[in-house]
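The structure appears below as structure tokens.
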Amino acid sequence: MAVKIRLQRHGKKNYAFFDIVVADTRAPRDGRFIEQIGSYNPNTDPATIVLKADRALAWLNVGAEPTLVCRRILSYEGVLLRKHLNGGVAKGALTQEQADAKWNAWKAEKDAKVAAKKSSIANAEIEARKAAKAEETKVKEARAEALAKKAAELAAKQAEEAAEPAEAAEEAPAEA
């Protein structure tokens, strides 16, 4: 029986999320599976991946074949690197301690990259809010200035109109 590590689709239209499952190749995409080893949500930024790495590694070691997308997910999570390092240990090219050290160094670097991306997204969001607030303040000040100018013009016009009837009233008794 051929076994694949593949995605099983869930969610609604245009908002899908996936379970990472081990299934027989003859089973339908969203049908029967042998074991669920994780989940993948591409709707978040960065994408959320929850994976039982030890179970994925165990299935890879017994011959399960990942699909292209699952291969990328497993590579992103370091499962394929772990398999590669374990192969080196089995051949005697390096010791288990050396393999663990290499994997831990890679994992620390990867976690740092993900944390940096999350913080840059958060900082960009904060900067966008600050820029929007500054723009809103500019517009508010421009409107207040325009209203003040209109109010000054209206007051000047009313003072002018009030002065004209008084002058006309003073001129009228002088003529009589």
Side-chain angles (χ1 to χ4, degrees), residues 1-140:
M1 167 170 79
V3 177
K4 282 202 175 275
I5 298 175
R6 64 183 183 196
L7 298 178
Q8 190 176 54
R9 190 183 193 282
H10 296 286
K12 56 187 179 180
K13 189 162 118 179
N14 295 329
Y15 200 78
F17 65 93
F18 302 91
D19 285 338
I20 302 169
V21 297
V22 178
D24 183 9
T25 55
R26 296 169 293 183
R29 179 191 71 182
D30 299 335
R32 279 184 25 177
F33 59 89
I34 299 168
E35 182 181 359
Q36 180 180 346
I37 59 173
S39 64
Y40 168 61
N41 186 358
N43 301 312
T44 60
D45 190 17
T48 306
I49 299 171
V50 178
L51 184 68
K52 297 177 191 170
D54 56 333
R55 292 303 303 152
L57 184 61
W59 279 105
L60 286 172
N61 286 336
V62 295
E65 199 58 42
T67 60
L68 291 175
V69 175
C70 283
R71 179 175 289 280
R72 286 190 50 98
I73 291 171
L74 294 175
S75 176
Y76 181 83
E77 289 294 311
V79 175
L80 296 180
L81 175 65
R82 186 63 139 173
K83 182 179 185 232
H84 175 73
L85 291 172
N86 287 347
V89 169
K91 290 178 182 177
L94 62 157
T95 64
Q96 187 64 44
E97 292 80 27
Q98 291 172 333
D100 290 341
K102 284 184 179 186
W103 191 82
N104 289 333
W106 178 87
K107 189 67 172 168
E109 183 182 329
K110 186 70 166 183
D111 291 343
K113 280 183 184 178
V114 171
K117 182 173 182 179
K118 284 182 181 179
S119 67
S120 70
I121 289 170
N123 290 342
E125 190 174 300
I126 290 169
E127 291 300 321
R129 279 193 213 136
K130 283 182 182 178
K133 190 170 184 175
E135 195 65 33
E136 186 177 317
T137 305
K138 263 191 208 175
V139 169
K140 236 180 177 179

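Sorted by first and then second residue, the pairs that involve residues 109-126 and meet side-chain hydrogen bond (donor to acceptor under 3.5 Å, both in side chains), not counting sequence neighbours, are E125-R129. The list of ring-ring contact (aromatic ring centres under 6.0 Å, His included) pairs with a residue in residues 12-55, not counting sequence neighbours, reads H10-F17.
With hydrogens and angles ignored, the 3.5 Å screen pairs a side-chain donor or acceptor of Q8 with a backbone N or O of G31.
Between V3 and D24 the shortest side-chain heavy-atom distance does not fall below 4.5 Å. With a 4.5 Å cut-off on side-chain heavy atoms, L57 and N86 count as touching. Residues V22 and I37 meet the side-chain proximity criterion, which asks for heavy atoms closer than 4.5 Å. I20 has its side chain within reach of C70: a pair of non-hydrogen atoms, C-beta onward, lies under 4.5 Å apart. Annotation: side chain of D45 is in contact with side chain of I121 (closest heavy-atom distance under 4.5 Å).
Atom CZ of residue R6 and atom OG1 of residue T67 lie 8.5 Å apart, to the nearest 0.5 angstrom. In this structure, I49 CD1 and I73 CD1 are separated by 5.0 Å, a value rounded to the nearest 0.5 Å. Atom NZ of K133 sits about 9.0 Å away from atom NZ of K140, to the nearest 0.5 Å.
In terms of heavy-atom proximity, L7 sits nearest to R29 at O-CG, 4.0 Å. Closest approach of I5 to A56, counting heavy atoms only: CD1-O, 4.3 Å. In plain terms, the two heavy atoms of A64 and P66 that are nearest each other are O-CD, 3.6 Å. What you find for A99 and L85 is that their closest heavy atoms are O-CD1, 3.5 Å. Across every non-hydrogen atom of P42 and A16, the tightest pair is CD-O, 3.7 Å.
Residue R32 qualifies as open at atom CZ: its count of foreign heavy atoms under 6.0 Å is 12 or below.
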List the atom pairs, with distances to 0.1 Å, where a side-chain N or O of residues 74-82 and a protein N or O form a donor-acceptor pair under 3.5 Å, not counting sequence neighbours.
residue, atom, partner, partner atom, Å
R82, NH1, D100, OD1, 3.0

Between D19 and Q36, does the side-chain hydrogen bond (donor to acceptor under 3.5 Å, both in side chains) criterion hold? Intermediate values first, please. CA-CA 7 Å; D19 285 338; Q36 180 180 346; 3.3 Å; yes

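Using a cutoff of 4.0 Å between basic side-chain nitrogens and carboxylate oxygens, R71 and E65 are scored as salt-bridged.
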